[in-house]
There are 2 protein chains.
Amino acid sequence: MKRKVTLKQIARELDVSISTVSKALRNSIEISEDTRQKVQAFAKLYNYRPNNIALSLKNRKTQTIGIIIPEIVHHFFSKVISGIEAVANKRGYNVIVGLSNESFSKEVINMEMLANGSIDGFILSIAKETQQQQDYHHFIETINQGMPIVMFDRVVNEIKCDKVIVDDADGAKLAVNKLIQCGCKNIAIVTTKDYVSVGKLRTQGYLEALEDHKISPKSSLILKVHDQLLSEDHLDSLELEIENLFKNNKNMDGVFAVNELYAITAMKVARKLGLKIPEDIQVIGFTDGVLSKHAVPALTTVSQHGKKIGEKAAELLINNLEREDEEDVYETVVIETELIERESTK
Amino acid sequence: MKRKVTLKQIARELDVSISTVSKALRNSIEISEDTRQKVQAFAKLYNYRPNNIALSLKNRKTQTIGIIIPEIVHHFFSKVISGIEAVANKRGYNVIVGLSNESFSKEVINMEMLANGSIDGFILSIAKETQQQQDYHHFIETINQGMPIVMFDRVVNEIKCDKVIVDDADGAKLAVNKLIQCGCKNIAIVTTKDYVSVGKLRTQGYLEALEDHKISPKSSLILKVHDQLLSEDHLDSLELEIENLFKNNKNMDGVFAVNELYAITAMKVARKLGLKIPEDIQVIGFTDGVLSKHAVPALTTVSQHGKKIGEKAAELLINNLEREDEEDVYETVVIETELIERESTK
DNA sequence: AACATTTACGCAAACGTTTTCGTGTTGAAA
DNA sequence: TTTCAACACGAAAACGTTTGCGTAAATGTT
């Protein structure tokens, strides 16, 4: 087992100083052709590679991006990561991942762990619990310490930083308009509690779309799902809530769900109740994941372009990191959504 | 914008030496009660946190684990990551992720990038291209440099390192036995080309199960899918191949697919051909992801317990890293698979 | 009073780099 | 022969820590 070779070892072996080796390897003109060749040959032979940690310490930058997301077993978030990774890698950065599991304290701890020198900046999406508690001190402190943050998807407006979002309200309108246009008269929405920012915005879009078409919203058609985070029987209770929605609204002919799971579950319930999709009831979801694509019938959905979100977030962060002038002008980039029509609508 | 405070700054401010500050913060008995209090109060006030990079350099360990996987937008791999992350975090490690995208060169580059001091050890699953080329020099070199590796799922036996796998052959037998027991007489397998280790093993299990029941395998029932990696029309051609399988074997009454996608697609094709599941044909998949759970009918599948795999891999790696004695005894841990029965079998 | 022992702190090295500056050795110009 | 620039290299500082060791002052022991 041969340890990684260092400048010092090369220097000793070749009987020159460390500085000479370093300069030789970086092709400094200070070093004679002779020594340069000798050093480079030796370095190549022993497969010398500069130690990243030492460089990080010296340069006070790590070339590493920290990602904090609520969950990784999730099509949207993993898409975003893949986008971040692609851009980061191309620009010479690594990616280090922290999971909050939707918990405020894990989010804080993870950020503190990474903020102490391990990374140059954050890309993150906020935990539900944080959104609920509205405690954002850890973001503010991080930014105050000169570490830039880019938020995506679940963002908080009060924080001054770059953001990458989709126009949630607009995407929702897209979906609801489509349903209306397809002849739906009684459209339900299956959404989250209001503290989840994206849920709230999508609900808003739903309401606006109805209003645009002079349809007055009915509260019985609006289901804000109780989400006991990650609980085992979450799925069952979700199904139950949706089933009640169906039973209380016999004339319902369209469902807009703010995520894939809700949409899939709605379809399942509809089928159980003997309703045909899209003949009796049409369904549109949000987020274009595997479930939508492979569901039966395939789900019409609003695509968020997760990968593009990740790419843009990475670009914003790296641009910020590599910007010379230190003026903080923060951008909010909106990635356009797209309605992908499949079989769950007419 | 206040930069992070360092020992040096505290020392200057309090007019003591850096060593005194360091010792005071670590509660050394060398330092008087007075100074200790003073220093600690000051440090708390300014929210001092030791710089991770400096510590890494000094201690020659980073408390960071490198993960290299072929793909992140994939239920199994993200499950594994979540398992790794959970254990790593609990034991004070961070997790840094590299994606190979199934490409040999990206795998090599990513590993080199991380091996230069950024991490203490690897957890990885091999890219298809690497399996195909059978070029493993980068693993060997990494290990020779004293950096431990844990391989999971797609492993290579020749490399001396810890491994976490499922008993693929056994899992496949489990599935095929179930099909036989449910009355299937003509069971097809939809699998990968042989160079994908897990595909090969699962095919093997399929054959063994047949043999155990004195059923002679028919080559027309064995479909080794052409996988043009990540190509756009991959899905279409997959569907086509499976459709041909069905058409060439009219008496087929069971399908074992070595992954979720193949299984789902098989069901889709079956439905298209007017076959009822599970009445006319029964289907079992491998890997228990969202697709299986939410498919219609819900898919009976062999669960791999991805999270458990990740947890175990992290444990092995960290144990190795923190082991005092340097003897290399390598373990291969087998995580038991489990047949999850749902609606696609009788 | 003389010596021994604590006590409380600072110095310096080490981790592996890069880079500024200084310096001894050339060869050439004066 | 003297002077000076060019050349080729080394010393040292810096990034932020931890820690073994040295030591001055304070205290304790005869």
Side-chain angles (χ1 to χ4, degrees), chain A residues 2-40 42-43 46-64 114-120 145-147, chain B residues 2-40 42-43 46-64 114-120 145-147:
Chain A
K2 39 177 189 185
R3 281 227 94 76
K4 296 232 73 176
V5 60
T6 70
L7 288 186
K8 188 193 281 197
Q9 291 168 36
I10 301 183
R12 196 184 316 133
E13 214 65 39
L14 260 43
D15 206 37
V16 290
S17 77
I18 295 179
S19 354
T20 304
V21 178
S22 174
K23 288 171 185 165
L25 289 175
R26 327 198 93 239
N27 282 316
S28 159
I29 47 154
E30 279 188 70
I31 306 299
S32 72
E33 190 60 28
D34 257 23
T35 8
R36 222 187 305 169
Q37 300 250 321
K38 211 170 47 179
V39 171
Q40 295 193 359
F42 192 93
Y46 283 87
N47 195 28
Y48 169 79
R49 294 277 181 279
N51 180 306
N52 277 333
I53 294 292
L55 286 179
S56 296
L57 183 58
K58 176 123 192 52
N59 301 331
R60 297 155 116 196
K61 49 177 78 168
T62 58
Q63 301 277 109
T64 302
L114 296 184
N116 300 318
S118 301
I119 62 162
D120 296 338
Q145 282 172 7
M147 180 163 299
Chain B
K2 40 175 186 183
R3 279 226 96 74
K4 297 230 74 175
V5 59
T6 70
L7 288 187
K8 189 192 280 199
Q9 291 167 34
I10 301 184
R12 194 183 318 133
E13 214 66 39
L14 259 44
D15 206 37
V16 292
S17 78
I18 295 180
S19 358
T20 303
V21 177
S22 175
K23 288 172 184 167
L25 289 177
R26 327 198 93 241
N27 280 317
S28 160
I29 47 154
E30 280 188 67
I31 306 301
S32 72
E33 189 60 28
D34 257 24
T35 4
R36 224 187 304 168
Q37 302 249 322
K38 209 169 50 180
V39 171
Q40 294 193 0
F42 192 94
Y46 282 88
N47 194 30
Y48 169 79
R49 293 278 181 279
N51 180 307
N52 276 332
I53 294 292
L55 286 179
S56 296
L57 184 58
K58 175 126 192 51
N59 302 330
R60 297 156 115 193
K61 48 178 80 168
T62 59
Q63 302 279 109
T64 302
L114 296 184
N116 300 317
S118 302
I119 61 162
D120 296 338
Q145 282 173 7
M147 179 162 299

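For the OP1/OP2 pair of dA14(C) and a distance below 4.0 Å, the side-chain nitrogens and oxygens of R60(B) include no atom meeting the criterion. In terms of phosphate contacts, T6(A) brings no side-chain nitrogen or oxygen within less than 4.0 Å of OP1 or OP2 of dC15(C). The phosphate of dT18(C) has OP1 or OP2 within less than 4.0 Å of a side-chain N or O from S22(A). Contact between the side-chain N/O atoms of S32(B) and the OP1/OP2 oxygens of dC9(C) is found at a separation under 4.0 Å. Note on R26(A): a side-chain N or O is less than 4.0 Å away from OP1 or OP2 of dT19(C).
Distance, R49(A) CZ to dG16(C) P: 17 Å, rounded to whole Å. The interatomic distance linking L57(B) (CG) with dA14(C) (P) rounds to 13 Å, in whole Å. Protein atom CG of D34(B) is 13 Å distant from nucleotide atom C1' of dC9(C), rounded to whole Å. Put simply, NZ on K61(A) is 15 Å from C1' on dT17(C), counting in whole angstrom units. Note: CD (Q9(A)) to C1' (dT17(C)) measures 14 Å, nearest angstrom. Between E30(B) atom CD and dC11(C) atom P there is a gap of 14 Å when expressed in whole angstrom units. Taking atom CD1 of residue I31(A) and atom P of nucleotide dC7(D), one finds them 13 Å apart after rounding to whole Å. Rounded to a whole Å, the CG atom of L25(A) is 8 Å from the P atom of dT18(C).
Scanning all heavy atoms of the two residues, the minimum distance from M147(A) to D120(A) falls at CG-O, 3.7 Å. Shown here for I53(A) and L57(B), the closest heavy-atom pair between the two residues is CG2-N, 3.6 Å. Scanning both residues, Y46(A) and V5(A), for their nearest heavy atoms gives O-CG1, 3.5 Å.
At a cut-off of 3.5 angstrom, counting only N and O atoms as typed in the model, there is a donor on one side and an acceptor on the other between the side-chain of S19(A) and the base of dA11(D). At a cut-off of 3.5 angstrom, counting only N and O atoms as typed in the model, there is a donor on one side and an acceptor on the other between the side-chain of K23(B) and the base of dG20(D).
Within 6.0 Å of CG on D15(B) lie no more than 12 heavy atoms contributed by other residues, nucleotides or ligands.
When distances are taken from the side chain of I18(B) to each of dT18(D), dG10(D), dT17(C), the shortest belongs to dT18(D). Of the candidates dC15(D), dG10(D), dC9(C), dG10(D) carries the atom nearest the S17(A) side chain, counting heavy atoms from C-beta on.
L55(A) comes within 4.0 angstrom of the backbone, heavy atoms only, and of no base. When heavy atoms are screened at a 4.0 angstrom cut-off, T35(A) is found touching the sugar-phosphate backbone but no base atom.
Nearest-nucleotide positions on DNA chain C place E33(B) closer to the 5' end than the other of A54(B) and E33(B). Mapped onto DNA chain C by nearest heavy atom, K8(A) and R36(B) fall at different nucleotides, with R36(B) at the one closer to the 5' end.
Within the 3.5 Å criterion, the main-chain N or O of K61(B) finds no donor-acceptor partner in the side chain of N59(B). Panel note: side chain S56(B), backbone N52(B); a donor-acceptor pair is recorded below 3.5 Å.
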